[in-house]
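Some notes on the structure that comes next.
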Amino acid sequence: MNCLRALHNPLEVEFLRLLLIHTDYIEFEAKEPVKGIAEEIDENLKHLRVPEALAVFVSVEEDDPSNEEDIIEEAIANIIDVFKKVNAERIVLYPYVHLTNKPSHPEDAKRIVIKMFEKLRDKDIEVYRAPFGWYKAFELKCKGHPLSELSRTIIPRPKGREEIVAEITSEYYIIYPDGRVEHIEDLEKMDLSSIEDKALRLYIESEELGIERKGTPLSVNAMRRLELVDYEPASDSGNMRIYPKGAVLFNVLVSWAKKIALEDLKAMEIITPLIYDWSEPDIREQAESFHERHYIVKTPDERKKFVLRFAADFGLFKMMKDATLSYKNLPIRIFEFARSFRYERSGEISGLKRLRSFHMPDLHSFCADIEQGWEEFATLFRHYKRLTDATGIEYAIVFRAAREWWERLRDKLVDLVKESGKPAFIEVLSKMKHYWAIKNEFQAIDSMGGNVQLATVQLDVVDAARYGIYYIDAEGQKRGCIIVHSSIGSIERWIYAVLEEALKKEKPEIPFWLSPIQIRFIPVNDDYVEDCLKLASEIRARVDVDDRDISVAKKIRDAEREWVNMIVVYGEKEKASGKLPVRFRDGHIEEMTIEELKERVKELLGSYPFVPLYLPLRLSLRPKFVG
RNA sequence: GCCACCGUAGCCUAGCCCGGCAGGGCGCCCGCCUUGUAAGCGGGAGGUCCCGGGUUCAAAUCCCGGCGGUGGCUCCA
């Protein structure tokens, strides 16, 4: 869900020039004030002679006032660096517009020079300043050693992510379904017992307060024992092997994701390449800005390098940049089932929760304006909530928003939470951290009380113009789209969440529609295998037949350990009566005819997607993959 | 990436602290049993004790380095 970020080049925008001269002395005299610019000064500051000084001539160029502090800081760091290297005793700041041919407004320059002066003084450096806005006479004697004459151009160092993030402060709220918005004064000290929604409470403890979990999530062993997913030692860490039964579960989830996107939301599906040319400037810039967290693929002759995509955005945005869009087309939704790769650091990989290779159903909506964007955000939120509810997993609803957008969208957001009937935790950030104005997260709670993010919806107000994704409005003007990024979350994480939810119970159960094996027939002995095969083939469900030559009790035990939803023992009695004893996970047995069973299956399946079981019908023909 | 713990047959594991023939259960194969709602009985095959190095007469065991897994930290664009 992440983006190509074409950052503007700071070189072209703002800077400050310095000329640094290590002097035996510098002497100046203010002669005449420049009209409208000159600062008022004491008589005794009009004429100064400063020995053993580092003379710093400063000119301020057209600058962006929003970056002023950064520029000053960087300039001070440079001056002090030279000051120490040349071992000067004091500093003289000398405003000198002539170093540039595109000077800033004098008021800005004056303010910046004065601030620099004050900062240097605050660092206990003996510092003097020539008055601003006067015609001055000056004289100096340069020492002439190699470092005695230097010029520096100050470019505000683009801030690292850490710095930007460190400057952002957060406030927290809980929005209740009755419309109440509770401001949390102190997250550390808040009374969690007052939160009725258990998942929300667990989420806050786990993610926001970092309370330690009790141990290894149960799915880590279960995924292997159930022959769903396993580690692949012959690959890189975090690249999993998926067994046939895992593939069934995987494909049901994929069908579900596609059904939501393509049928319910009428998105258009696309397929884009996995690898992207490393020499494309925007791709390279984006990839490099991401801490080397990507795989590189080289051609055999090593003449070309490609980056393995870490999200669907690469191909999608390239495609949309080339597309011609009219306001009449909007909003449009584009879906891609995107296998993605992220080179997560070794300690960050974990079970099915965090992988280096994963499958992300990715849905992007392109909208005309913020109103349409919000409508889309709300629509997607409703869908994802309904669908998350359908899996029966325990989850918390979280929103994050930049302050300006929280203020702007607050009423609408509260209405959305009211409508959802579930309280939501919201983090309000002092400024925008990424591209989104507001985002939503569905946070599932695992068997150990830990949390993992599944679905997300993000309202992106900045990226479209940056990527060159435009539409033509009713007046024929080119305008940037509002992009809503969203996903139900990776298929792997869904497998994790479904298993974790099942494992919270004493007798784990996967919801019928997701379960790899839904019904198992157990013939009492060889004489009934053929009948069972025939019955199994009549039901549109994932059904199999345990035809192994072992005791019925043993077959039942195996079926239970495999979490089969319904077990049917079939022998003489059943053949005679036509009634099937269907054993459910809770242990109770219901007698029903084959027609009644088929009806029950239909009910349970409802409108969920169905994927057949692509495994031998007879258990005796199946290999054991684990154990 | 950092810290801690772990790595013995396809799977689960005993043995490791205190160096001396690698043991059990599941699964698999063979045979018997013909099975009725959570493990029927007997036999057999199966080992690079994660990898590399070191100490020692002798290393699964002790030491060093690596790889892999899990948890925590950080991170999650």
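Per chain, numbering begins at 1; letters A, B, ... match sequence-line order.
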Base, sugar-phosphate, or nothing: which does [X] touch, judged by heavy atoms less than 4.0 Å apart?
X: A:Glu441; answer: nothing
X: A:Pro581; answer: base
X: A:Gly351; answer: sugar-phosphate
X: A:Tyr570; answer: nothing
X: A:Gln453; answer: nothing
X: A:Lys573; answer: base
X: A:Val220; answer: sugar-phosphate
X: A:Val569; answer: base
X: A:Glu562; answer: nothing

Roughly how many Å apart are [M] and [N], using the [atom1] atom of each and rounding to a whole number?
N: B:G19; M: B:C11; atom1: P; answer: 30 Å
N: B:A60; M: B:C21; atom1: P; answer: 10 Å
N: B:C75; M: B:U56; atom1: C1'; answer: 45 Å
N: B:G23; M: B:A45; atom1: P; answer: 13 Å
N: B:G10; M: B:G71; atom1: C1'; answer: 27 Å
N: B:G24; M: B:G47; atom1: C1'; answer: 15 Å
N: B:C6; M: B:C63; atom1: P; answer: 12 Å
N: B:C16; M: B:U61; atom1: C1'; answer: 4 Å

Provide the Watson-Crick or G-U wobble partner of [N], both distances under 3.5 Å; none if there is no partner.
N: B:A39; answer: none
N: B:A4; answer: B:U70
N: B:U56; answer: none

Fill in: Minimal non-hydrogen separation, A:Phe335 against A:Ala261, with atom names
CD1-CB, 3.3 Å

For the pair [X] and [Y], name the ring-plane relationship: parallel under 30°, tilted 30 to 60°, perpendicular over 60°.
X: A:Phe442; Y: A:Tyr395; answer: tilted
X: A:Phe625; Y: A:Tyr243; answer: tilted
X: A:Phe250; Y: A:Phe337; answer: perpendicular

Decide yes or no, distance alone: a donor-acceptor N/O pair under 3.5 angstrom between the base of [N] and the side-chain of [X].
X: A:Arg225; N: B:C11; result: no
X: A:Glu344; N: B:G1; result: no
X: A:Arg345; N: B:U74; result: yes
X: A:Arg561; N: B:A39; result: no

Under 4.0 Å: is that the gap between some side-chain N or O of [X] and OP1 or OP2 of [N]?
X: A:Ser346; N: B:G1; answer: yes
X: A:Lys439; N: B:C76; answer: no
X: A:Tyr528; N: B:G36; answer: no
X: A:Ser551; N: B:C33; answer: no

Practice prompt. Using heavy atoms to find the nearest nucleotide of RNA chain B for A:Arg224 and A:Lys507 separately, return the residue whose nucleotide is more 5′.
Written response: A:Arg224

Worksheet item: Toward the 5' end of RNA chain B, which comes first, A:Glu348 or A:Gly238, by nearest nucleotide?
Response: A:Gly238

Worksheet entry | Exercise: do A:Arg400 and A:Ser170 side chains pair donor with acceptor under 3.5 Å | no

Value in whole Å for how far the [atom2] atom of [N] lies from [atom1] of [X]:
X: A:Asp527; N: B:C33; atom1: CG; atom2: C1'; result: 15 Å
X: A:Lys353; N: B:C75; atom1: NZ; atom2: P; result: 15 Å
X: A:Ile550; N: B:G27; atom1: CD1; atom2: P; result: 8 Å
X: A:Leu226; N: B:C11; atom1: CG; atom2: P; result: 16 Å
X: A:Tyr231; N: B:G68; atom1: OH; atom2: C1'; result: 10 Å
X: A:Asp230; N: B:G68; atom1: CG; atom2: P; result: 16 Å
X: A:Arg356; N: B:G1; atom1: CZ; atom2: C1'; result: 11 Å
X: A:Asp446; N: B:G71; atom1: CG; atom2: P; result: 9 Å

Nearest listed nucleotide, side chain of [X], among [options]:
X: A:Lys554; options: B:G27, B:U70, B:C11; result: B:G27
X: A:Asn525; options: B:U34, B:A38, B:C28; result: B:U34
X: A:Arg557; options: B:G36, B:U70, B:A38; result: B:A38
X: A:Val524; options: B:G36, B:U37, B:G27; result: B:G36
X: A:Ser237; options: B:G68, B:C75, B:A38; result: B:G68

Does any N or O in the side chain of [X] come within less than 3.5 Å of the main-chain N or O of [Y], such that one atom is a donor and the other an acceptor?
X: A:Lys305; Y: A:Trp278; result: no
X: A:Asp230; Y: A:Arg241; result: no
X: A:Thr593; Y: A:Glu596; result: yes

Item to complete: Check whether the ring centres of A:Tyr173 and A:Trp406 lie less than 6.0 Å apart, and answer yes or no.
Response: yes

